[in-house]
*Asks:* 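Just dropping this structure here.
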Amino acid sequence: MIAKVIVDVPSRATDRPFDYAIPADLYGWVEIGSRVGVPFGGRVLQGFVIGLAEFADIDESKLKPIAELLDHIPPLSPDLVELAQWISDKYCCALTTALQAMIPSALKGKADSVVTLSEDEDTALFSNAVYSEAPWLAYIRASSGPVRMAALQERFPADAAAIKQAVKLGALTEQVSIRDRLAVRKALTVFPPEQAALAQEALANYPARAAKQRDVLRYMLEHPEPIALTALVEALSTTSATIRAVADKGWITIREVEQQRDPYAGRDFKQTEPLPLTEGQQAVYEEIAEALDAESSRVFLLHGVTGSGKTEVYLQTIERCLQHERQAIVLVPEIALTPQMVERFKGRFGDSVAVLHSRLSSGERYDEWRKIREGRAQVAVGARSAVFAPFPRVGLIIIDEEHESSYKQEESPKYHARDVAVRRARQHGASVVLGSATPSLESYAAASRVLSPTQTDASASSRTPGGAALLAMPNRVGNRPLPKVHLIDMREELKAGNRSMFSRQLHEALLDRLEKGEQSVLLLNRRGYSTFVMCRSCGYTAQCPHCDISLTYHQKSRVMRCHYCGHAEQAPEKCPSCESEHIRFFGTGTQRVEEELAKLFPGIRVIRMDVDTTTEKGSHEKWLTMFGERKADVLLGTQMVAKGLDFPYVTLVGVIAADTSLHLPDFRAAEKTFQLLTQVAGRAGRHELPGEVVIQTYNPDHYAIVTAQHHDYAGFVQEELKHRRFMSYPPFCRLIVVTLSDEQLTHLITAGDKLAATLRQLAYESGVKGSIDSDGTRFIDILGPVASPIPRMKDRYRFQCMVKYRGNAGAIELLKKAIAMLSGPQGQPPVQLSVDVDPQVIL
DNA sequence: AGCACGCCGACT
DNA sequence: GTCGGCGTGCTC
């Protein structure tokens, strides 16, 4: 038998299966999805088995055997392997990158070697004076078992060559194996006597002087449950030796037991019962339930206004899904994965919920993942990568806030969780629910008939077989009104002599809430901005020496850091360019707002949430809890205060400046602004107390702001679609951005021009219409190369080409072909190439 | 990605 | 005459 193995080398040259012989003792254990250690080019690497075959594709004499099998249960199932292949195809990434993204990072094994003295070693070799006096040799001799090579390297850094030589000559035997980054945590556990009666008798006759041992045995008889050794030691203030002594006499047993790192251990989640559904919720629920009962793979776009009770619909459809003995996955944007959210799921489904998000330690994440893999969880709630939760029979995938750009991974594999979810659901006959108060234009266009057939992106609708069904929940639970939104023209404020960052109306509204003891949320929309250092005399800004980007100032450490390469330097006292002392750190903005609040409203209690105050683990949670307990009057922050929060005493939402995200050079700028305003407005008046929203802007006539004021999603979409059609942007076409980078500008220019020319030639040959204005259903257009928005990063220059296409223009295949044509015989590209299919941020 | 093999400068 | 620089090439 032959195993087809993808080795863990993420390069184009090795992005194909390699054949390995399956040794007799692993026969039947190696499956599709197994993780193995294989010899590859003189070293041992981790790899994934993606296929089994009777015969090898190459000369059998060249075959090497699989060195080891790394897990008893394969970490991946065949359907996930297939999904990885689809991702690798669609998003142009190495298959190993896609596979690796599906398993917790704890399972990223690396080669680890140990050495022992060879049994039959030629003693002459070691009697050689050079060796016999070597301290490293003495060290190996002195140790009882094999010695880790890494330990030798650390202890005797100067002797690396000699040690390698000894291995080469056969005096030392080296054994390489794959070691995981993190192991399953185990703890010694004490088990009670199996035959209590006998033990009881023994207790009575226990040697008089062994009082402590008697304590142990008595305890275990009184509490006949397994207990951690350490806990027992503490409970009886004894030592492990005493306990072992009892075990040695055979009365109790001590065994290693696998532990669960439970991030929510010790937390009591109050169990909740399903709430009665409103008419609107009921209708939506029944539609989805019908698909679940029929086990047909359908996609629903659930457009429900803020406060319309989407979460309750999720909970009850999951319930229905579980009744069919199928599992459910809930994706939530990282930022919205708050304790509040987790509580709702744990409260309804208890222990069968596994939570996966980036704030967990890698050990915790590994254990939550194992809970899914081993069938101890039926519901997975998590960020983007939870779409890969290793359930055997997925019945439902819910994507909350589906418009969030964080569902697109920025690093390779640059997948979009929404599209992966649709694909995975199809494999399992599962349904997908995309929920949002402000659906992305792509999803909305796919689900409604906004676009005529010729304008519709054909491949988008093929992504969602039969098209997505649009479900609407236009009313809030309890028919509470959406909050009244006031637009304030800040130009008028200035004219009236108000130079403060608070308009008179916002000022008054805040004062009013303070008097009533109600709470306010203030949003500072500063997407795309960060703290930077600038000289007020000469305009000098601190730049990264390796990247064309401003350094970000971190107040705590007084260090300036580059977000892209990690370069860090001390913040200067004087301007390095003009020696002036007027060098300033342009703060987060939230800080300035906080100061101003303190000045205007003496005694006001403000919680500020931004990158500075939420980096610590659990701090995010801490602030929100405090706010929930009404220990503050104002929650002030950036985007993170806009998402998913639900506090009953919040009756005022203020947006300091709505426009900052409006004029970013990104075609989604208006959409992002509309979404943010709508989302944050939705934080107000969710319960008995009515809400009010004040939006300050310099563009009170902009459609994104006006439609947000009137909670008019349809109006926004209509206007935005006009622009997208005119400019030929999604959903009227699809995009691919190829970024080329190299240390040498000349190389880069040559390669960039060549890539664009090849693409244009291939597009022309394939007969796809090349004009943007073409009314054909297929078109492809290649733009660039142009300098990237960050023209230099980590000392490498960067260019990009954009491919716009519509229909099945085969753009991805064309691109792959073009890259292959530019690459060398082993597939090595002339410069570094990175492909982003369906990019979310075009900055 | 690594690591090996392979062809040209500063040392014993 | 050798040690070693890192430029192509291959890994079942």
Side-chain angles (χ1 to χ4, degrees), chain A residues 1-24 26-27 30-70 81 85 88 92-101 105 107-113 130 149-150 153 158-165 167-169 174 176-179 181 411-413 740-744 746-747 750-751 794-796 819-820 822-835:
Chain A
M1 248 339 213
I2 297 301
K4 306 253 172 215
V5 175
I6 297 294
V7 292
D8 191 16
V9 181
S11 83
R12 273 193 181 80
T14 49
D15 190 27
R16 62 191 170 87
F18 288 85
D19 288 351
Y20 284 89
I22 301 175
L26 293 181
Y27 202 86
V30 174
E31 305 170 53
I32 290 178
S34 289
R35 201 167 55 109
V36 292
V38 289
F40 188 75
R43 57 212 169 116
V44 177
L45 291 177
Q46 174 181 289
F48 288 96
V49 177
I50 61 150
L52 298 170
E54 195 86 26
F55 301 105
D57 289 338
I58 54 151
D59 188 357
E60 300 251 340
S61 64
K62 276 192 183 167
L63 274 185
K64 289 182 186 172
I66 288 174
E68 58 179 331
L69 180 66
L70 298 178
V81 170
Q85 265 159 334
S88 144
C92 295
C93 68
L95 183 48
T96 184
T97 313
L99 292 163
Q100 204 71 64
S105 60
L107 290 186
K108 192 176 169 63
K110 258 184 76 181
D112 186 65
S113 67
V130 183
M149 194 64 127
Q153 247 155 36
D159 298 320
I163 297 169
K164 272 185 195 153
Q165 180 76 4
V167 171
K168 217 172 198 175
L169 293 173
E174 186 180 15
V176 192
S177 64
I178 302 287
R179 183 200 274 258
R181 284 232 196 117
E411 311 85 53
S412 191
L740 305 91
S741 72
D742 197 82
E743 282 168 17
Q744 281 180 288
T746 48
H747 271 176
T750 317
K794 297 183 192 175
D795 289 321
R796 301 175 67 90
I819 291 172
L822 298 187
S823 300
Q826 269 78 43
Q828 66 275 49
V831 294
Q832 214 178 74
L833 268 166
S834 142
V835 178

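Naming convention: chains lettered A, B, ... in sequence-line order (proteins, then strands); numbering from 1 in each chain.
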*Asks:* At their closest point, which heavy atom of A/Leu45 faces which heavy atom of A/Ile178, and how far apart are they?
*Replies:*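 Result for this residue pair: C-CD1, 3.5 Å.
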*Asks:* Could I get the full list of side-chain hydrogen bond (donor to acceptor under 3.5 Å, both in side chains) partners for A/Arg12, not counting sequence neighbours?
*Replies:*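 Once residues adjacent in sequence are excluded, A/Arg12 has no partner under the side-chain hydrogen bond (donor to acceptor under 3.5 Å, both in side chains) criterion.
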*Asks:* With a 4.0 Å heavy-atom cut-off, tell me which residues in residues 32-52 of chain A come close to DNA chain C, sorted by residue number.
*Replies:*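 DNA chain C contact set from residues 32-52 of chain A: A/Pro39, A/Phe40, A/Gly41.
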*Asks:* What pair of heavy atoms forms the shortest contact from A/Ala56 to A/Leu63, and how long is it?
*Replies:*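 Looking at all heavy atoms of both residues, the shortest contact is CB-CD1, 4.0 Å.
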*Asks:* Could you tell me whether A/Arg16 contacts a base, only the sugar-phosphate backbone, or nothing, with contacts defined as non-hydrogen atoms closer than 4.0 Å?
*Replies:*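 Base, at least one base atom sits under 4.0 Å.
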*Asks:* Excluding sequence neighbours, so at least two apart, what forms side chain to side chain contact (heavy atoms under 4.5 Å, CB included) with A/Ser177?
*Replies:*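 A/Ser177: side chain to side chain contact (heavy atoms under 4.5 Å, CB included) contacts with A/Glu68.
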*Asks:* Please list, by residue number, the residues of residues 54-62 of chain A whose heavy atoms come closer than 4.0 Å to an atom of DNA chain C; answer none if no residue qualifies.
*Replies:*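 Here the set is A/Ile58, A/Lys62.
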*Asks:* With A/Asp57, which residues qualify under side-chain hydrogen bond (donor to acceptor under 3.5 Å, both in side chains), at least two apart?
*Replies:*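 In terms of side-chain hydrogen bond (donor to acceptor under 3.5 Å, both in side chains), with neighbours along the sequence ignored, A/Asp57 is linked to A/Lys4.
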*Asks:* Does A/Glu743 have any side-chain hydrogen bond (donor to acceptor under 3.5 Å, both in side chains) partners at least two apart in sequence or in another chain, and if so, which?
*Replies:*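 Checked A/Glu743 against side-chain hydrogen bond (donor to acceptor under 3.5 Å, both in side chains); zero matches.
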*Asks:* Could you name each residue pair satisfying salt bridge (charged side-chain N to carboxylate O under 4.0 Å, His left out) that touches residues 35-53 of chain A, not counting sequence neighbours?
*Replies:*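 Only A/Arg35-A/Asp71, A/Arg35-A/Asp180 qualify under salt bridge (charged side-chain N to carboxylate O under 4.0 Å, His left out).
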*Asks:* One pair to check against side chain to side chain contact (heavy atoms under 4.5 Å, CB included): A/Val835 and A/Ile819. What are the steps and the verdict?
*Replies:* CA-CA 10 Å; A/Val835 178; A/Ile819 291 172; 4.1 Å; yes
*Asks:* Which of these passes side chain to side chain contact (heavy atoms under 4.5 Å, CB included) with A/Ile50: A/Val5, A/Ile32, A/Thr96, A/Ile6?
*Replies:*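 The option that passes is A/Ile6.
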*Asks:* Base, sugar-phosphate, or nothing for A/Ala13, non-hydrogen atoms under 4.0 angstrom?
*Replies:*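 Contact class for A/Ala13: base.
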*Asks:* Heavy atoms of chain A, cut-off under 4.0 Å: which first and last nucleotide of DNA chain C, 5' to 3', fall inside that, if you could look?
*Replies:*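 Footprint of chain A along DNA chain C, 5' to 3': C/dG9 to C/dC12.
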*Asks:* Provide the start and end nucleotides, 5' to 3', of the part of DNA chain B that has atoms under 4.0 Å from heavy atoms of chain A.
*Replies:*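 Under 4.0 Å from chain A, the extent on DNA chain B is B/dA1 to B/dC3.
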*Asks:* Can you name the side-chain hydrogen bond (donor to acceptor under 3.5 Å, both in side chains) partners of A/Glu174, sequence neighbours left out?
*Replies:*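 With neighbours one apart ignored, the set is A/Ser113.
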*Asks:* Check whether any side-chain heavy atom of A/Val49 sits under 4.5 Å from a side-chain heavy atom of A/Glu31, and report yes or no.
*Replies:*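 No. Closest side-chain heavy atoms not under 4.5 Å.
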*Asks:* Mind jotting down which residue pairs meet the ring-ring contact (aromatic ring centres under 6.0 Å, His included) criterion with at least one end in residues 41-64 of chain A? Sequence neighbours excluded, please.
*Replies:*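 Residue pairs passing ring-ring contact (aromatic ring centres under 6.0 Å, His included), neighbours aside: none found.
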*Asks:* List the residues meeting salt bridge (charged side-chain N to carboxylate O under 4.0 Å, His left out) with A/Lys108, not counting sequence neighbours, and say none if there are none.
*Replies:*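 Partners of A/Lys108 under the salt bridge (charged side-chain N to carboxylate O under 4.0 Å, His left out) test: A/Asp8.
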